[in-house]
Q: 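Shown below is the structure under consideration.
Just so it is clear: chains get the letters A, B, ... in the order the sequence lines come, proteins before strands, and each one is counted from 1. Atoms considered below: every heavy atom in the structure, side chains included; atoms not considered: hydrogens, waters and symmetry mates. For clarity, every value in this text was computed on a predicted model and none was experimentally measured.
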2 protein chains.
Amino acid sequence: MLYWAPNGAHACRCTKRQGGGEMNMTTQDRHETEKLLTPAEVAALFRVDPKTVTRWAKAGKLTSIRTLGGHRRYRESEVRDLLGGGH
Amino acid sequence: MLYWAPNGAHACRCTKRQGGGEMNMTTQDRHETEKLLTPAEVAALFRVDPKTVTRWAKAGKLTSIRTLGGHRRYRESEVRDLLGGGH
DNA sequence: ATAGATTTGGGTAATTCGGGCG
DNA sequence: AATGTCCGAATTACCCAAATCT
């Protein structure tokens with residue numbers, strides 16, 4: 001009578017990124033191991049209306065991933081680049 | 001001692017699928033070697049609530065495999081296709 | 001067999017979508 | 001051209017207790 005748990009909870013995170021470092025990912029963001037942000041979160045970071053974030057996505061200024069229901073999700077790394085990359 | 005990996009090999013190979021080239025699999029993967037994801041894992045990838053993933057499965061938007069106890073498991077390949085394929 | 005985490009099921013708020021207007 | 005707001009409809013998030021998984 002012992003635990004039989006050959007497999008854990010699948011905490012597979014593949015290549016965990018180090019904080020702050022700017023890792024050059026593949027040209028196209030093919031890695032789905034990216035943290036995603038909701039429209040409200042991105043809007044709060046930029047201090048704009050969520051609708052404005054949606055317009056940025058529609059204009060191609062921001063990469064958007066869609067849920068199966070049509071809601072948009074945004075890549076955290078891209079947002080942080082745009083926020084901190086004030087050039 | 002019997003080692004059986006119910007949820008897949010958990011090797012986290014992170015194979016880099018190079019530009020657009022998709023494997024020539026038949027329509028569906030008939031082997032049981034397909035890695036399955038738990039609702040929480042799929043939810044984390046899409047940045048949604050696990051219950052939302054359940055709704056997608058009920059609506060037929062996502063293929064679900066049921067455990068003998070009724071819990072759902074999802075095909076990793078399908079999830080990845082939906083994440084990156086639907087630009 | 002016990003424990004802790006996860007999932008399921010329903011129900012009800014909170015977001016988001018899309019279009020159009022100012 | 002770029003934002004913010006109003007509207008209805010759709011999607012998603014959080015609440016609970018019971019069942020299932022590791």
Q: Which listed nucleotide (dT16(C), dT6(C), dC15(D)) is nearest to the side chain of K51(B)?
A: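 When the side chain of K51(B) is considered, dC15(D) is the closest of dT16(C), dT6(C), dC15(D).
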
Q: dT7(C) C1' sits how many Å from H71(B) NE2, rounded?
A: 4 Å

Q: Partner lookup for dA1(D), please. Criteria are Watson-Crick or G-U wobble with both distances under 3.5 angstrom; report none if nothing qualifies.
A: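 The answer is none; no pair meets the criterion.
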
Q: Round to a whole Å and report the spacing from CG of L37(B) to C1' of dC21(D).
A: 16 Å

Q: Send over the distance from E41(B) CD to dT22(D) P, rounded to a whole Å.
A: 11 Å

Q: If I take atom CG from residue L37(B) and atom OG from residue S64(B), how far apart are they, to the nearest 0.5 angstrom?
A: 13.0 Å

Q: Would you say a side-chain N or O of T38(B) is under 4.0 Å from OP1 or OP2 of dT7(C)?
A: yes

Q: Shortest non-hydrogen contact from G69(A) to W56(B)?
A: N-NE1, 4.0 Å

Q: Pull out every residue in residues 52-61 of chain B that has a heavy atom closer than 4.0 Å to any atom of DNA chain C, ordered by number, or say none.
A: T54(B), K58(B)

Q: From the set dT7(C), dG9(C), dA13(D), return the single nucleotide nearest to any side-chain atom of R66(B).
A: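 Comparing dT7(C), dG9(C), dA13(D) against the side chain of R66(B), the answer is dG9(C).
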
Q: Kindly point out which of dT5(D), dT8(C), dT16(C) is positioned nearest to the side chain of P50(A)?
A: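 Minimum distance to the P50(A) side chain belongs to dT16(C).
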
Q: Check whether any side-chain N or O of R72(A) sits under 4.0 Å from OP1 or OP2 of dT16(C), and answer yes or no.
A: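 False: R72(A) side-chain N/O out of range (4.0 Å or more) of dT16(C) OP1/OP2.
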
Q: Can you tell me how far CZ of R72(B) sits from OG1 of T67(B), rounded to the nearest 0.5 angstrom?
A: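 So the gap between those two atoms works out to 10.0 Å.
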
Q: Taking side chain as C-beta onward, heavy atoms only, is F46(A) less than 4.5 Å from T52(A)?
A: no

Q: Rounded to the nearest Å, what distance is computed from the CD1 atom of residue I65(A) to the P atom of nucleotide dT11(D)?
A: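 One finds 19 Å between P of dT11(D) and CD1 of I65(A), rounded.
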
Q: For L82(A) and K61(A), which heavy atoms make the closest approach, and how far apart are they?
A: CD1-O, 4.4 Å

Q: Using whole Å, report how far CG of D49(B) lies from P of dG10(C).
A: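 After rounding, the reported distance stands at 16 Å.
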
Q: Work out which heavy atom in E34(B) is nearest to a heavy atom in E76(B); give both atom names and the distance.
A: OE2-N, 3.6 Å

Q: Rounded to whole angstrom units, what separation is found between the CG atom of L36(B) and the C1' atom of dT22(D)?
A: 16 Å

Q: Return each pair, listed once, that meets salt bridge (charged side-chain N to carboxylate O under 4.0 Å, His left out) where at least one residue sits in residues 46-56 of chain B; pairs must be two or more places apart or across chains.
A: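 Matches after skipping sequence neighbours: E41(A)-R47(B).
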
Q: For L68(A) and dT12(D), give me the distance from atom CG to atom P, rounded to whole Å.
A: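 To the nearest whole Å, that distance equals 7 Å.
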
